[in-house]
Each structure stands twice: as structure tokens, then as C-alpha cells.
Amino acid sequence: MTTVAISQPEVLRPGRFTLTLRYLRRNQSLVIGLLIVLGLAIFTIHGMLTIDPKRAYPLAVLPKQPPSPQHIFGTDFFGRDLYAAMVVGLWQTALIGIIAGALGITIGVVLGFTSAYFGGLVDSVIKGICQVLTPIPAFLIQVIIAGSIDKREVTIYTMAFIVVLLAWMHPTLVIRAQVLSMKERQFVSVAKLSGMGDIGIIFQEILPNLLPFIAAAFVGQVFASMFASFYLAVLGLGPLREPLLGNLIWAAQSQGAFFNGWWWWPITPAVAMVLILGSLALINMGLDEIANPRIRRTE
Amino acid sequence: MSLKRIVGRLVFLVLVIWAASTITFFIPRLSPRNPIRERFAELARIGGFSPQDLEAIVASYNTKFGLDKPLWQQYFDYVSSVARFDLGVSLNKYPKTVIDLIMESLPWTIVLLFVTTILSFVLGNLLGAIAAWPRAPGWLRSLATPFVLLMGVPPVLMGVLLLFFIGFRLKLLPLGSAYSTGMVPDWSSLSFILNVAKHQILPALSLILGSVGGWVLSMRGMGVTIQGEDYVLFAEHKGLSGFVIFKDYYLRNALLPQVTGLALALGTVVTSNIVVESLFGLPGLGRVLSQAIQANDFLVIYGIVLFITIAVATLMVVVELLYPLLDPRIRQE
């Protein structure tokens, strides 16, 4: 007797890696955005390891030199090497964005959860404050705060703090709305019926489900914070000594860089800022797709 | 619209203005800086008078501006003077008041703001509607794409790039300031007006180019939804021409929510406007603000901020109250 072995038809199951690759091919804005950020990160890290940071500050090199092999981005009126300034400036701009973004989103998560989960008077107060503050252009209040601080004492950390003071309302309202809708889902009712406490439901049921959404909101927050600190710096309210990208543009404009023909001075930070903000906008668009499955593209 | 709703929105507006004036009152007082002392210390350095005199001057100015009164009374005085549109005096250009400075520069800001907002709203909505309209020719529909790509570039950076390429490299347009140096402002001469207009092109472009994309995106989203509506299908079956359907059935209905968007965007638009003005050195609110920042003229900084905040909040509420006139569906509620 012979048994005929029937070969099992092999099901081709693509691995996790292939699936990720395929997804990334569809979500091109995420890939392009991440690639630009990666490029900027390599530029900054490579620069931090090779340059002397002192060259990013005034009186370090010969002033007003156009781009040359010696100074690839040229030097400015105050004797800063713009390549070094770009490295330090990119790093500081990113730092402000990340600190302010992280703080803003943390406050947003705490307030949004408290407000939505407990409801009642707490909810009305938090929501009311957010709604009254929202029509006030946050940037103008930031101008006041930055203006009341002595310019010599402003550091990049103060900048991040100023930005975050008025940047938590939007994440709070958005996360509040998300928690409100999640609260009504069945798995939360099941958890409640099975005797889980409030803290347990928040941390074990709702928060994990909101993580992709919070990640997308974080990138949006970093974008907004960089934008706000950049505008403050362009108006001359930044830490004036530091080579922040906005500061460089402010300094170039107040010295009449274009009138005097020093075009490389404002152009270099402007292009760097366009790259940062553009890549963050692309990543945000890509993450939106992950956070909001309704608009997710499928094969 | 019910009276209750109008009263509700007006109460909300008063709350917003009160919050804004409270913030502008307390934040500067939390800071250890004393604007009057700083100002006179500066003068003392230049003019050379003794420290005792300085103290006497500061004390007399504190009395004059009511800074020696208790804080609650100062706060009360401040809020009531804001309610009377009295924003104090400029420390640098005394006896000019803050309102004087604002009124001198406001026309520049309003014209630029108005022109750029209207142009980008019209252009963006038209391109967005066409992009979502399946019967439009392909080349026309793709016109919107470059504007969506430009959305990532903030107006100030656009300004720097335009200054470089158009102003510096091609030398087509001036590199900033409101009119050519040496020209006498004379609004009756055509050559002066043309000169001013020429100086406004680059600032206006840098504000418009980046903001068209936002309108394109939201209008396209709106347009796609409306195409599925029964009344559009009905209009098609009635045999109406494509243009009539586009204009009366499609664009009109899609535009309504965009008007609300216009009110919401106002805060961002004003901010960009101010920063662009200071970049190009136009004599609007933006330059007054950046000059005040550099000269530590605190009352001017606070006054301008408060003025713009109140203006933006008021306009938002006005648009909200006018909305039912545009949309009969809300009126009936």
C-alpha cells in the first residue's frame, strides 16, 4: 500500500518586512519626509562631530565672505561661518521643536483625558478656557512674553517654554474629542463591567488605542512649535547670540543683506528651514493616514 | 437666528477681549523689567545725569502713569481704558499715543491683508473646485498641484526666496521698503502710486503663493462630496450645461463652509502678514511692532498685540453672525 502524499499547496505569505516595504511604497509622503529628516540629521550629526562650534558665533572668522571651498556656505557680517552656524542652528531649532512639541502634547494628553473621561465641571472649565484662548492669536501673546524677558537672558530653553505656554489648547481639544468617542466604544464598557478602575481603563484600554493618533499629533505639534519659534526669531525676539535659523534671517535682513549683495546669508537658513518644515508636513500627512484608517490606502 | 445665539456670541467676544487684556496686563508685570527705568537709564547714559535725578524722574513718571497705585486698581484702570480704546503712550515717541502709531500704519496692513486674502481665497477655491470637477480638461485640473506643494513654505521664507530670485538675481522688483528712497509720499501723483504698487508685489506674492494650497485642498474635499449629491445628478439629467451646474449647483454650495474657514484662518493670516511686513520693511503694523521690539518700547508692543487680538476676535464673531445670511439652512433653525 502506498500512500500518496498530497503536497500541501504553499501559501505565499509575505513577511512583515515585505509588507512594511509595500506599505511605504504606497505612503510616499511619509517616505520622502523621513528621508529629508534623515538627511538633515546626518548633516547635523556629521557637522557636530567635525566642526568647532565656536565658528558658529560672532568674530570667529573673516566676515562677509561669499561661499568658497573654505567656507562652503560663506560667512556673515558678524564673522560667523555659516556652515557651522547651520549645524548648530539646525540642532537648536530641532531641540526647541522637540522640547516644545513633547511638552505641549503631554499637557494636551493629561488635560484632554481628564476633561473627557471625568466630564462635568472639570470638563466645562478646561473646555471653556481652551475655547476662550483659541481665538487669541497665540503668536501675538508669545511676542508679549518674549518681549517681557530681557533679551540677554533668553536661551533656546526659554524659547521652547514661551512657545509651549500657548500651544497646548489645540492638542487638548483634539485629544478630548478622541477620548470622548473612544469612551463610548464597547471594549470600554466591557472593561467597566468587569470591574476595572478608572486609571486601569485610561492606561490599559484607551491610551494604547490612541497612541498612533497621539504620535501624529506630536509631529504636528513639533511643526507648530518650530514655526512659532521661527517667527519669533525672525521678529528679533529670539536668543540673539545663538545661530537659530530665524535669528540668522532676522540679522541678515536688519543688516540689509540683499541690498549689500550678501545673498548667501539669508538664503542658507531659509532653505534649511523650508526643508525642515516641508519634511515635517510630509511626515504629518503620512502619519495622518496611519492614525486615521478611513483614509488609509489599501492595495 | 435667535437673539439668544447673538447674545451668546457677544458675551463670548467680551470674554475673549477680557482674557486678552488680562494676559497683556499681567505678563509684563510678572517680569522684573521696568520699562520706564530702562528707558531713562538709557537716556542717563547718553545725557549724563546723576542716579538721584534718575530715581526722581522714575518716581514722578510712576505717579503720572499710575504705577504707584495698588495692583488691583492698576488692573481695573487698565481694563477700563482698553474698553475706551486708550492703549497708552509710546515711550520712545512720546507724546504720540499707541493708537496714533497704529492708525498711521494700519492702512498699509489692511490693504495688503485684504488684497492677499481675497486673491488667495478666490484663486484657491476656483482651482480646488476645478481640480475636483471631473469634466474639466486635464491641464486645467492639474493647475492646482504646484500650489499644494508650495503649502509647506511659510510666507516669510517664500519672501526671502522671492527677494533672492526676483529682486536680487533678476533685479525685476525692488528689495523691500514701501517706495523708492527719495520719493515724496504724494497720493495724488500716479507715478508715486505705481511705485508703491511695485513695492507691494513681492510681499503680496509671498503671502499668496503659500496660502492658495490650503484653500485648494479643502475646496477639493468639499467638491468631491457635493458631486455625489442628488441635486447635482438631477441638474445633469435636466440637461443643464456643464458651466451652469459648475457655477450654480456645485461651486455655490461648496463655497459656504469655506467662508467659515476664512474667519478661522484670520489669526494665522494676520500673523504672517505682520512678519512679512517686517521682513520687507513695509510701514505697516509689522514694522511698528519690530521697531518697538528693538527699542524696548513696551507699551507699543502690548498695544499692538491687544489691538490685533481684539480685531481678529471681533471679525471672527462678525463672520459667524453673518453666516446665516449666506446659508438659508441655518436661518430657519
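Proteins come first, then strands; the chains are lettered A, B, ... in the order of their sequence lines, and each starts at number 1. FYI, side chains are in, hydrogens and waters are out, and symmetry mates aren't considered; it's all heavy atoms of this structure.
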Worksheet entry | Spacing of CG belonging to A/L275 relative to CG belonging to B/L157, to within rounding of 0.5 Å | 10.5 Å
Item to complete: Could you tell me whether the side chain of A/Y83 reaches within less than 4.5 Å of the side chain of A/V87, counting heavy atoms only?
Response: yes
Discussion item. Given heavy-atom pairs under 4.5 angstrom as the criterion, report whether the side chain, backbone, both or neither of B/I23 touches chain A.
Written reply: side chain
Practice prompt. Determine whether the side chains of B/T22 and B/Y75 contain a donor N or O and an acceptor N or O closer than 3.5 Å.
Written response: yes
Practice prompt. Pick whichever of B/L306, B/L163, B/V317, B/L15 has the most heavy-atom pairs under 4.5 Å with chain A.
Written response: B/L163
Practice prompt. Evaluate the ring planes of B/F168 and A/W263, with Trp represented by its six-membered ring, and classify them as parallel (under 30°), tilted (30 to 60°) or perpendicular (over 60°).
Written response: tilted
Discussion item. Is B/V160 in contact with chain A via its backbone, its side chain, both, or neither, using a 4.5 Å heavy-atom distance?
Written reply: both
Practice prompt. To the nearest 0.5 Å, tell me how far A/F77 CZ sits from A/N260 CG.
Written response: 8.0 Å
Worksheet item: With chain A, which of B/G167, B/G159, B/S272, B/A292 has the greatest number of heavy-atom pairs at distances under 4.5 Å?
Response: B/S272
Worksheet item: Picking from B/L13, B/I304, B/L279, B/T268, which has the most non-hydrogen pairs under 4.5 angstrom with chain A?
Response: B/L279
Discussion item. Once rounded to the nearest 0.5 Å, what's the spacing between atom CD1 of A/I129 and atom CH2 of A/W168?
Written reply: 6.0 Å
Worksheet item: Measuring from A/T93:OG1 to A/I156:CD1, what's the distance to the nearest 0.5 Å?
Response: 8.5 Å
Discussion item. Does any backbone or side-chain atom of A/I249 lie under 4.5 Å from a heavy atom of chain B? Answer side chain, backbone, both or neither.
Written reply: side chain
Practice prompt. Name the region of A/L133, side chain, backbone, both or neither, that has any atom closer than 4.5 Å to a heavy atom of chain B.
Written response: side chain
Worksheet item: Non-hydrogen atoms of chain A under 4.5 Å away: do they reach the side chain of B/Y302, the backbone, both or neither?
Response: both
Item to complete: Heavy-atom distances under 4.5 Å only: say whether A/F227 touches chain B with side chain, backbone, both or neither.
Response: side chain
Worksheet item: Non-hydrogen atoms of chain A under 4.5 Å away: do they reach the side chain of B/L289, the backbone, both or neither?
Response: side chain
Worksheet item: What part of B/F164 lies closer than 4.5 angstrom to a heavy atom of chain A: side chain, backbone, both or neither?
Response: both
Item to complete: Heavy-atom pairs under 4.5 Å with chain A are the metric here; pick the option from B/S290, B/A19, B/A20, B/P154 that has the most.
Response: B/P154
Worksheet item: Is the shortest heavy-atom distance from the side chain of B/V79 to the side chain of B/F25 under 4.5 Å?
Response: no
